[in-house]
Amino acid sequence: MFTNRMFNILVPVISVLLGLIAGAIIMAAFGYNPLSGYQALWDGSFGDIYYFGETIRQVTPYIFTGLAVAFAFRSGLFNIGAEGQVIVGWLAAVWVGAAFDAPMIIHLPLALLASALAGAIWGFIPGLLKAKLGVHEVIITIMMNYIALHVSNALIRSVLSENQDSSDPIKESASLASNWLMEMTSFSRLHYGILIALFVAVIMWFLLEKTSAGFELRSVGFNQHASQYAGMNVGKNIILAMVISGAFAGLGGAMEGLGTFGYMPTHSAFTNLGFDGIAVALLGGNNAFGVVLAAILFGTLKIGALNMPTAADVPSELVEIVIALIIFFVASSYIIRWVLLRFKKEGK
Amino acid sequence: MGILDILQSIIPPAMFFSAPLIFTALGGVFSERSGVVNIGLEGLMVMGAFVGVVFNLTFADVFGAATPWISILVAMVVSAVFSLIHAVASVTFRADQVVSGVAINFLALGLGVFLTKQWYDKGQTDMVSQPFYTLDIPVLSDIPVLGTLFFQNMYLTSYLAIILAIIAWYILYKTPFGLRLRSVGEHPMAADTNGINVYAMRYVAVMISGAMGGLGGSVFALTIALNFSQSTIVGQGFMSLAAVIFGKWHPLGAMGAALFFGFAQSLSVISSSIPLLEDVPQIYLLIAPYVLTILALAGFIGRAEAPKANGEPYIKGSR
């Protein structure tokens with residue numbers, strides 16, 4: 001008999017395969033060669049050491065936003081606001097990174113802390129409103145996204161630069177970039193952030209699965225009324241979940257600000273890191289290890305897609321379709337389980 | 001500048017900014033009232049905008065001045081069919097409705113831009129040649145004061161939005177169909193016991209939301225954006241979702257919320273020509289709609305109660 005654990009692994013794997021097959025069918029239907037399409041995708045993400053570095057770089061913020069959304073999900077909350085939290089985290093990190101001079105051992109942690117704090121504040125507001133007034137967190141986080149976008153643009157123009165369209169660059173001592181990693185990957189923008197991302201994933205796993213605070217958070221996610229009856233403070237846990245979730249997403253912004261770019265441009269639209277984080281979390285089954293794997297898959301697809309128009313003439317949006325279908329198949333896991341059990345029975 | 005002039009420069013833009021939001025939010029009300037959460041409104045709008053623009057470009061020569069109207073009809077039909085994916089996943093496959101809605105958003109944008117590149121060989125379509133135009137309503141626009149405020153320089157689609165909101169209210173609250181639809185969203189088991197086909201009702205509700213989302217997207221494309229690209233629909237669907245919740249899952253409430261969003265958005269566009277507002281830094285006007293929404297939800301609207309069975313797949317026989 002299939003165990004639950006096996007299903008939890010099989011369903012995402014089958015979903016990814018089905019998504020890729022559907023993508024191949026679409027390519028074939030529009031007269032492209034699916035094999036050369038996927039070959040281009042593979043080359044574009046792992047083909048040489050530069051692309052590999054870029055892929056890992058893209059994976060880094062996805063791990064953070066994926067963890068952020070997953071953490072909120074586990075506590076029964078839907079954090080659409082990871083997008084805004086990324087933006088304020090990015091802003092805070094760049095601000096601290098550019099405004100101070102300090103030795104690296106102080107400056108870099110300070111900049112990271114600032115980004116986590118900014119994200120946490122951005123998560124605190126919807127958490128507080130949900131806990132105290134019962135306002136739907138989805139609508140508040142959507143609003144907070146727009147506020148983050150407009151406020152950060154205004155601050156970049158007025159405070160972080162003199163009427164420029166991007167902030168001043170951060171100081172060397174706050175930078176995550178590493179010459180060593182760059183040279184190793186023939187000058188991709190790979191930086192040390194990936195190590196922090198993996199570390200934070202372990203922290204999330206430990207916090208949720210091994211501590212009593214994590215138990216309370218998960219319990220509130222399963223059943224608020226039962227948790228309250230058992231003497232837990234539901235409101236406090238809702239706020240805590242949103243604060244931690246926001247801090248994760250804020251750190252994701254710091255990866256862009258301190259690692260990839262070293263500054264912050266004004267954004268005319270959202271970065272989509274936060275929205276993609278929703279998909280990463282869902283595909284990763286909302287647990288820390290799964291999120292890391294899903295982030296790797298997403299980073300690979302996104303970076304690989306950039307090579308598809310040049311190498312195989314396939315529009316890169318094909319990858320968006322594949323991602324959408326993968327999410328769809330994950331969502332429909334009930335039917336995949338049903339089919340699997342059917343096969344199992346006939347095999348006997 | 002008199003008060004009348006100010007109103008005259010506020011009301012028409014507010015009306016045309018809010019019309020797409022009203023359409024889409026009404027669709028959201030139908031879907032969520034039947035118990036199916038619809039995060040996918042954004043994607044349905046994208047699909048509507050894409051189909052509306054492509055149809056308009058392709059058939060402008062054939063249909064002439066009637067093109068925009070036929071375009072929005074076609075967009076409604078295609079989006080309704082497209083929303084079937086969400087219906088199948090969330091009703092039949094018992095999918096997590098939020099997840100399936102997210103998939104709809106990704107899929108619509110991916111498909112739209114993929115096909116745009118396929119058919120037009122670039123990232124965006126050409127400008128449509130047959131968009132909606134503003135016009136003065138005959139007779140009514142001659143009424144003093146009211147006529148100049150509400151019947152001059154208006155898009156017909158703005159009136160359509162308000163009329164549809166009233167029709168939606170009538171359907172949901174005054175017809176047997178509406179009662180059944182709401183009962184399916186509140187207590188599907190009780191509804192099932194009374195002989196209502198829960199699955200069929202939810203399918204119909206999701207398809208209505210698809211049609212309305214398509215209408216909203218295509219009206220946005222043919223009044224405001226005038227072409228289709230990756231950045232045609234950016235967040236309008238989410239704003240409509242916010243309007244659904246803000247309006248407490250009531251058609252007229254959702255319309256009111258959407259009108260408010262449209263009004264607030266138009267403020268930042270036209271502020272430079274209004275005394276008092278012209279000296280306010282742009283940033284405050286840009287974030288005003290969102291801050292006001294949060295304050296309104298926290299302050300006066302109070303606890304919003306979603307339909308009881310919203311987001312839960314109905315499994316026959318389970319208790």
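Just so it is clear, the structure is predicted and the values come from calculations on it, not from any experiment. Per chain, numbering begins at 1; letters A, B, ... match sequence-line order.
In this structure, no portion of S90(B) lies under 4.5 Å from any heavy atom of chain A. Within the 4.5 angstrom heavy-atom criterion, only side-chain atoms of I278(A), from C-beta onward, approach chain B. At a 4.5 Å heavy-atom cutoff, the contact between I147(A) and chain B is made by backbone and side-chain atoms alike. Interface residue L241(B): only side-chain heavy atoms are found under 4.5 Å from chain A. Contact of Q230(B) with chain A is made through the side chain alone, with heavy-atom distances under 4.5 Å. Of the atoms belonging to T293(B), it is side-chain heavy atoms, and not backbone ones, that fall under 4.5 Å from chain A. Heavy atoms closer than 4.5 Å to chain A are found in both the backbone and the side chain of I85(B). At a 4.5 Å heavy-atom cutoff, the contact between I283(B) and chain A is made by side-chain atoms alone. Of the atoms belonging to I321(A), heavy atoms from both backbone and side chain fall under 4.5 Å from chain B. Interface remark: V291(B) contributes backbone and side-chain atoms alike to the contact with chain A (heavy atom separation under 4.5 Å). Of the two parts of I125(A), neither the backbone nor the side chain holds a non-hydrogen atom closer than 4.5 Å to a non-hydrogen atom of chain B. Heavy-atom distances place the side chain of V138(A), and not its backbone, under 4.5 Å from chain B. Residue contact with chain B, scored on non-hydrogen atoms closer than 4.5 Å, is absent for I336(A).
The closest side-chain donor-acceptor pair between T125(B) and N227(B), if any, does not fall under 3.5 angstrom. Side chain to side chain, Q85(A) and N145(A) fail the donor-acceptor criterion of an N or O pair below 3.5 Å.
Under the 6.0 Å cut-off for aromatic ring centres, Y146(A) and F270(A) qualify, their centroids lying closer than that. Between F114(B) and F50(B), the ring centre distance reaches or exceeds 6.0 Å.
Across all their heavy atoms, M242(A) and T141(A) have their closest contact at CE-CG2, 3.9 Å.
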Practice item. Kindly determine whether V234(A) and H225(A) satisfy side-chain contact (heavy atoms from CB on, under 4.5 Å), including the steps that lead there. Key: CA-CA 8 Å; V234(A) 172; H225(A) 302 294; over 6 Å; no
**Study point:** Check against side-chain contact (heavy atoms from CB on, under 4.5 Å), F106(B) and F328(A)
**Key:** CA-CA 10 Å; F106(B) 277 88; F328(A) 177 77; over 6 Å; no
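I238(A) is not listed as a side-chain neighbour of E137(A), based on a closest heavy-atom distance of 4.5 Å or more. Using a 4.5 Å cut-off on side-chain heavy atoms (C-beta onward), I156(A) and L91(A) make contact. Annotation: side chain of L41(A) is not in contact with side chain of N307(A) (no heavy-atom distance under 4.5 Å).
Top candidate by heavy-atom pairs under 4.5 Å with chain A, chosen from H86(B), Q97(B), Q118(B), is Q118(B). Heavy-atom pairs under 4.5 Å with chain A peak, among V234(B), D96(B), L111(B), I104(B), at L111(B). Among L318(A), L129(A), V314(A), L149(A), the residue making the largest number of heavy-atom pairs under 4.5 Å with chain B is L318(A).
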